[in-house]
Amino acid sequence: MADLLRLLLRVAEKAANVARICRQEAPLFQLLVQEKTGEDKNKKFVQDFKTLADVVIQELIRHDVRAQFPELAGFIHGEESNKFENGLGESVTVTVCSTEEETAKLLATVLDGDQTAASLLARAVHQDPSTIEAGTHGLTVPLKPSELGVWIDPIDATSQYIEGREEVLEEGRLSPSGLHCALVLIGVYLRSTGEPVMGVINQPFNNKDPTGTGGKHYWGVSSGSTNICSESRPGVRSEGGLSVVLSSNEKQSVKEALTSVCGPDKLMYASGAGYKVLCVIQGLADAYVLSEGSTFKWDSCAPHALLRALGGGVVDLALSLQQSESGAQDPRTELTYHQPRADRLGADRWANHGGLVAYRDVSQLHSIMGALRGKL
Ligand SMILES: O=P(O)(O)O[C@H]1[C@H](O)[C@@H](O)[C@H](OP(=O)(O)O)[C@@H](OP(=O)(O)O)[C@H]1O
Ligand SMILES: [Mg+2]
Ligand SMILES: [Mg+2]
């Protein structure tokens, strides 16, 4: 299954190209950032271009993965629905066609006849990405495509992608917001158990990139005795307390509870669920705590696989607290990716309802659980 990993790295790079082109090409950029006002706001048929960009990226990933691994068809899920309504009130399913011309024609039907934008977008979708050196040579992964499912978040931290602020990234430091928080996330899980086994993260905008494309990629595989990640495991630094990254919307009670295990200035905030887990992967924070069910399977699957490959994981916070309160020795309840919640509807079926804690080191996870016990 190393072939699947190489393909995911390639399609994620293609997706990153589309994300970059939407910001670089003026006709696409104008659509991306336009605020609808007045009558326009009420025109149901021109859906937000940002949603279309997300859908196009998701569908190109789905198309290329299905073409090389037909066994995965039916098991490639994404954040977005690919149904759009056009000006004639017709429902249009956005897909990637076999030729650039056909894709452009289809996209024009949802872009209110804007041929220039449709052609630019179609060209990006059909363009092969430059070869990326990922260091996967000689890797073997003992998995079969018929055992696997895929979760796609075409762009995570969309708000940062639209806002488009380029931050100067400093080595070894978390940068709370900006274009670098926008990530393409592709996670692979086992259909039988829901465990995340492979993940690819592409950061389309990383101004420290040595390759010159402007982006960076990360990957990991965690299956049986194979645990391998593009990032090396950062050392555990316990002096001065733990560092934890949170959403800026996190509850006051959680922040207060965590101050007992975190050093001064070690509670940090960052945009994007995927970026926050990436900070843990890179050792820029020891853990990411989220007390609300505001993330979804497509947000966590890919980075979860990388953390597992590094010896860490992502647990369901509410379930793990319950386990720990009932005296379980190892209260870890890792998130799984194969089963929807039967009692919810739509996207909510795939939410990580109990919140989460992403960690690299299990003893640090235990300290965090201890601090949160009885406090939520
Ligand atoms: O941009 P999309 O793909 O819709 O994913 C969102 C996640 O689902 C949210 O959980 C993130 O919010 P928080 O950063 O407050 O957790 C949210 O982060 P943001 O509000 O900082 O952009 C995004 O990561
Ligand atoms: Mg997301
Ligand atoms: Mg998204």
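All ligand and atom numbering here is 1-based and tracks the order in the structure. Every value quoted in this text rests on a predicted model; they were computed, and no experiment measured them.
Thr193 and Glu195 form a side-chain donor-acceptor contact under 3.5 Å, judged by distance and modelled atom types alone. Side-chain contact check for Asn227 and Ser222: at least one donor-acceptor pair (N or O, by modelled atom type) lies under 3.5 Å. Inspection of the Tyr218 and Gln203 side chains reveals an N or O donor paired with an N or O acceptor under 3.5 Å. In the model, Gln160 has a side-chain atom that pairs as donor or acceptor with a side-chain atom of Ser271 under 3.5 Å. Remark: the Ser291 side chain and the Glu250 side chain contain an N/O donor-acceptor pair separated by less than 3.5 Å.
Using a distance-only test at 3.5 Å, with no hydrogens or angles considered, a donor-acceptor pair links the side chain of Arg191 to the main chain of Leu148. Side-chain atoms of Glu147 never come within 3.5 Å of backbone atoms of Ser192 as a donor-acceptor pair (strictly under, hydrogens ignored).
Within the 4.5 Å cutoff, no side-chain heavy atoms of Gln24 are placed close to those of Phe29.
Of all protein N/O/S atoms, those under 2.8 Å from the Mg ion (ligand 3) are Glu79 OE1, Asp153 OD1, Ile155 O, and waters are not counted.
At a 4.0 Å heavy-atom cut-off, the residues surrounding ligand 1 are Glu79, Asp153, Ile155, Asp156, Ala157, Thr158, Ser159, Ser247, Asn249, Ser271, Gly272, Ala273, Lys276, Tyr288, Ser294, Thr295, Asp299, listed by chain and number.
Ring geometry, Trp350 versus His77: the interplanar angle falls under 30°, so the pair is classed parallel (tilted spans 30 to 60°).
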